[in-house]
2 protein chains.
Amino acid sequence: MTNAKVHIALADDHRMFLHALRALLEKEPGIDVVGVAGTGEELLAIAAHKPVDIACMDIGMPAMNGIETTRRLLALRPNIKVIGVSAFSDRQFVLDLLNAGARGYVTKAEAGEELLRAIHTVQLGKTYLCPDVAATVTNALLDNVPRDIATPRITARERQVLQLIAEGHTSVRIAERLHLAASTVEVHRRNIMRKLDLHSVAELTKYAIRNGITTISG
Amino acid sequence: MTNAKVHIALADDHRMFLHALRALLEKEPGIDVVGVAGTGEELLAIAAHKPVDIACMDIGMPAMNGIETTRRLLALRPNIKVIGVSAFSDRQFVLDLLNAGARGYVTKAEAGEELLRAIHTVQLGKTYLCPDVAATVTNALLDNVPRDIATPRITARERQVLQLIAEGHTSVRIAERLHLAASTVEVHRRNIMRKLDLHSVAELTKYAIRNGITTISG
DNA sequence: GCCAGAATACCGGTAAACACGTACGTAAAA
DNA sequence: TTTTACGTACGTGTTTACCGGTATTCTGGC
């Protein structure tokens, strides 16, 4: 049992990264990549039919993001250990993912060995955060203590509005598209900014990209 | 000569992608990865000291972007064939890169095999664009004919203003930061939008991210 | 020396964003 | 059941964005 290979599933919407990462992990003797997925749904399907010990997933996927995918995955298979892989290291983002049950987080800026280290660490039942993320999180805990549970989460409607804002539409257009009054859209916009502590369309746009609410290639 | 391995150098600011891609390419018998770089400068250094046939580089790198890197690389070693690898497929972006002398372009959304196909094609002296990029480019040529040479390039000052816009600053703040009149900043903003055919802060922000003018983790 | 382009600056106008308030019905949660 | 959160909608006001034109200065190229 101890010298059996660890079964790993990968998920990333960039197929080239997905395939490349598979090649990287397959070089490791103790690792067996049992499936790769381009979306959160595919990852759930893999976990439903194959033995998966560890899932490494991109967080910034469109449609279903990493946090939602993590929740559903753990509801389906509570023993799977989730490692978040992302280009970003938002404090709030990492905390959300850990709250969702993830056991590790590494950024794509780190070396490939960092992911292997994370895999080996969570395999032992521990939690692994790559250095800069760990620093961000501990700073957050030291600075703003009541950040643990007070996770501001936007509603589905707000998310919908945010997506259209990040696509460059005005409030009036968004109202037309959603069959709402323009004033309602502006309230949503205001609430989003208040909840997320963002203060411009530029920041809203970046947040939306980081969280997979919109794609950058729009 | 014909059955010698092709020497490839890689460049990407995401080290994990860089290392994973190296693992993917090293599986190929005809390919020898002679160096990997995290920045454009490193890639130039590698090309200066090692034999490189093909360079696969990420376009959205901070500091020196892919287009500038391509220019300098080809000035240094005109025989190197450059393949652009990017998460995005901007029409203008691709055209700029091809004008700079690149021989291929594949997006990260494509499968890993797509990059291998690009490598084998440019090795034969041909140009390779992945399907969706090829469609975008041909559409651009069919739609707006005088797009070939009229490559709108923003000035250094405009780039500076764009960066601050994408960081979420207002025109007034940008003016203060750059010691300009607010009206001047607004003219720059206007010219940027006109040149790039963008019509909102959201679009400006995404363009800035795609082109490495600002980072998404701001 | 002239011309084109860049960078600077100002004026005017419309539309939109942004901040603050109030209000109501419903649905979920305590 | 009371409370809380959400989605809906309106009003008022200030700031900013966005589109148009004009003009001066400076620099680089022909």
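For clarity, every value in this text was computed on a predicted model and none was experimentally measured. Here is the naming used below: chain letters follow the sequence lines, and residue numbers restart at 1 for every chain.
- Ion pair A:Arg71/A:Glu68 flagged as a salt bridge, since at least one NZ, NE, NH1 or NH2 atom sits closer than 4.0 Å to an Asp/Glu carboxylate oxygen.
- Residue A:Leu162 holds its CG atom at 10.5 Å from OG1 of A:Thr155, rounded to the nearest 0.5 Å.
- Contact annotation for A:Arg157: backbone-only contact, meaning every heavy-atom pair under 4.0 Å involves sugar-phosphate atoms and none involves a base.
- Checking the phosphate oxygens (OP1, OP2) of C:dT8, a side-chain nitrogen or oxygen of B:His188 falls inside 4.0 Å.
- Under 3.5 Å, the side chain of B:Arg190 and the base of D:dG21 form at least one donor-acceptor pair of N or O atoms.
- Nearest-nucleotide positions on DNA chain C place B:His179 closer to the 5' end than the other of B:His179 and B:Glu186.
- Among A:Arg22, A:Lys108, A:His19, the one residue that satisfies the side chain to side chain donor-acceptor pair (under 3.5 Å) test with A:Asp12 is A:Lys108.
- Look at B:His169 and you won't find any side-chain N or O under 4.0 angstrom from OP1 or OP2 of D:dT16.
- Across D:dC18, C:dC18, C:dA17, the shortest atom-to-atom separation from the side chain of B:Arg189 is found for D:dC18.
- Under 4.0 Å is where a charged nitrogen must lie from a carboxylate oxygen, and between A:Lys195 and A:Glu158 at least one such pair does.
- Dashed line: the shortest gap from a side-chain N or O of A:Thr184 to OP1 or OP2 of D:dT8 is not under 4.0 Å.
- Nearest to the side chain of A:Met193, among C:dA19, C:dC20, D:dC19, sits C:dA19.
- Sequence order on DNA chain C of the closest nucleotides to B:Leu180 and A:Leu198 puts B:Leu180 first from the 5' end.
- Counting non-hydrogen atoms under 4.0 angstrom, B:Ser183 reaches a base of the nucleic acid.
- Contact annotation: A:Thr155 does not reach the phosphate of D:dC6 (side-chain N/O to OP1 or OP2, under 4.0 Å).
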